[in-house]
Amino acid sequence: MLSRRQAVIGSAAAIGSVMAGAAARGAAAAAAARPFIPYGACVQSELLKTDAAYRAVLTSHCQQITPEGGLYWADLRPTREQFRFAIADEILDFAMANGMSMRGHTLIWYGAMPEWTKEIAGNRNAERELVSHIEQVVSHYRGKVTTWHVVNEPIAEVKNGEPPGLRPNIWMRWLGDKYIETALRIAHRADPAAELIINEYDIEAADAVSPLRRRALLDLVRGLVERGVPLHGVGLQGHLHGERPIDRDGLYKFAVDIAALGLSLHVTELDVIDDALPGPPPVRDTVSAARAYDFLEAVFAAKRPAVIATWGITDRYTWVPVWFKRTDALANRPLPFDENYRPKPLWSVIDYFCRRDI
Ligand code: XIL
């Protein structure tokens with residue numbers, strides 16, 4: 001008998017033939033009922049200006065978007081004095097013009113810091129910089145950005161099988177682990193209605209690393225909730241690896257524990273990294289869709305997420321080859337639409353879960 005997973009993945013072929021042309025795509029989207037759970041994708045402002053098909057696939061399918069760039073310190077703060085909101089403002093305008101909401105990615109991330117921040121030194125100086133950045137950025141988008149990824153990737157990498165602590169960054173160096181509490185409190189003060197989450201990756205695989213990262217993340221968020229810190233949810237980035245099975249029970253248990261703390265769950269950056277999968281696209285696409293199905297099934301079994309968002313929407317534009325380029329010269333295929341904007345089995349899986357009413 002066909003499993004539900006096989007049936008959902010298999011429906012992509014039928015959808016693909018129906019939705020081949022841009023006109024058909026628009027008609028199908030208009031006819032489709034509004035999903036129960038918003039689907040979102042990260043977007044690049046330059047592409048919004050240059051690629052009409054890119055805009056079309058976003059407006060036909062997304063209820064939310066996340067700036068891929070624009071809100072990183074490196075983009076917003078080229079110098080200490082500047083707040084350059086232009087890129088993220090353009091993305092916000094696109095969202096509002098098309099009835100979508102915008103997520104804020106991100107207030108704190110070690111990964112995209114401008115050079116000048118290396119000069120930050122001393123507890124008072126660091127606190128002043130952190131507080132003023134969050135106050136100004138969250139106030140600028142008050143009432144517009146509904147959900148902030150306040151801290152992105154706070155958990156350190158696992159080394160030698162040891163439980164990880166918090167990831168080193170400039171704020172850890174000068175303020176210690178209380179930087180997270182400070183960031184959440186300041187963001188909450190600047191926009192009390194905004195939903196504030198912590199966003200993390202590598203917590204879902206059936207490997208030696210994920211259980212340790214889950215434990216560290218759970219300990220972190222539990223401590224914050226117990227101290228009454230304004231934290232409202234946890235983001236599972238969901239950068240799945242095609243060759244790694246999902247730890248269904250471990251992920252389910254984690255999601256149950258998060259839900260029991262009264263926190264929401266968000267799937268924030270789903271894609272399937274395919275550098276270690278076999279070459280033929282049909283095989284790869286099927287395996288990738290199955291991984292995403294297992295991941296979403298485990299989350300949904302515990303609690304319906306607030307959003308399912310992918311990190312990009314089309315294989316034409318994706319961060320994956322920067323870090324996980326294939327060695328066989330074939331292009332990566334991590335996203336729900338292919339390089340010609342045709343829906344893939346991964347889209348069928350996302351669409352199925354977005355519409356599922358339980
Ligand atoms: C990537 C972006 O896609 C790039 O454009 C950027 O230059 C670097 O980072 N997890 C995250 C994202 O939270 O911020 C990363 O995005 C991908 C991994």
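Reckoned from all heavy atoms, side chains included, excluding hydrogens, waters and symmetry mates. In listed order, ligands and their atoms are each counted from 1.
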Where do Arg4 and Glu297 land on the salt bridge (charged side-chain N to carboxylate O under 4.0 Å, His left out) test, with the steps shown first? CA-CA 11 Å; Arg4 174 164 298 194; Glu297 190 280 324; over 6 Å; no
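Salt bridge annotation for Asp247-Arg214: present, with a cationic side-chain nitrogen under 4.0 angstrom from a carboxylate oxygen. Between Asp275 and Lys325, none of the side-chain N atoms (NZ, or NE/NH1/NH2) sits under 4.0 Å from a carboxylate O, so this pair counts as no salt bridge.
Among all non-hydrogen protein atoms, the one lying nearest atom 16 (O) of ligand 1 is Trp311 NE1, 3.2 Å. With respect to atom 10 (N) of ligand 1, the closest heavy atom belonging to the protein is Glu269 OE1, 3.0 Å. Protein heavy atom at the shortest distance from atom 18 (C) of ligand 1 is His239 NE2, 3.6 Å. Protein heavy atom closest to atom 4 (C) of ligand 1, with residue, atom name and distance, is Glu68 OE2, 3.9 Å.
Seen from the ring of Tyr352, Arg355 does not count as a face-on cation partner, given the 6.0 Å and 45° thresholds. Relative to the ring axis of Tyr201, Arg213 places its NZ or CZ within 45° and under 6.0 Å from the centre.
For Tyr72, every heavy-atom contact with ligand 1 shorter than 4.0 Å involves the side chain, none the backbone.
Note: no N/O pair closer than 3.5 Å links Asn199 and ligand 1 by distance alone. Annotation: Trp109 places no N or O atom under 3.5 Å from an N or O atom of ligand 1; distance criterion only.
For Glu153, the closest heavy-atom approach to ligand 1 falls below 4.0 Å.
Interface of Asn152 with ligand 1, defined as ligand atoms under 4.0 Å from a residue heavy atom, comprises 11 (C), 13 (O).
Heavy-atom neighbours of Lys49 NZ from other residues, nucleotides or ligands within 6.0 Å: above the threshold of 12.
For atom 7 (O) of ligand 1, no protein heavy-atom neighbour is present inside the 4.0 Å cut-off.
In this structure, a donor-acceptor pair under 3.5 Å is absent between the side chains of Asp202 and Gln237.
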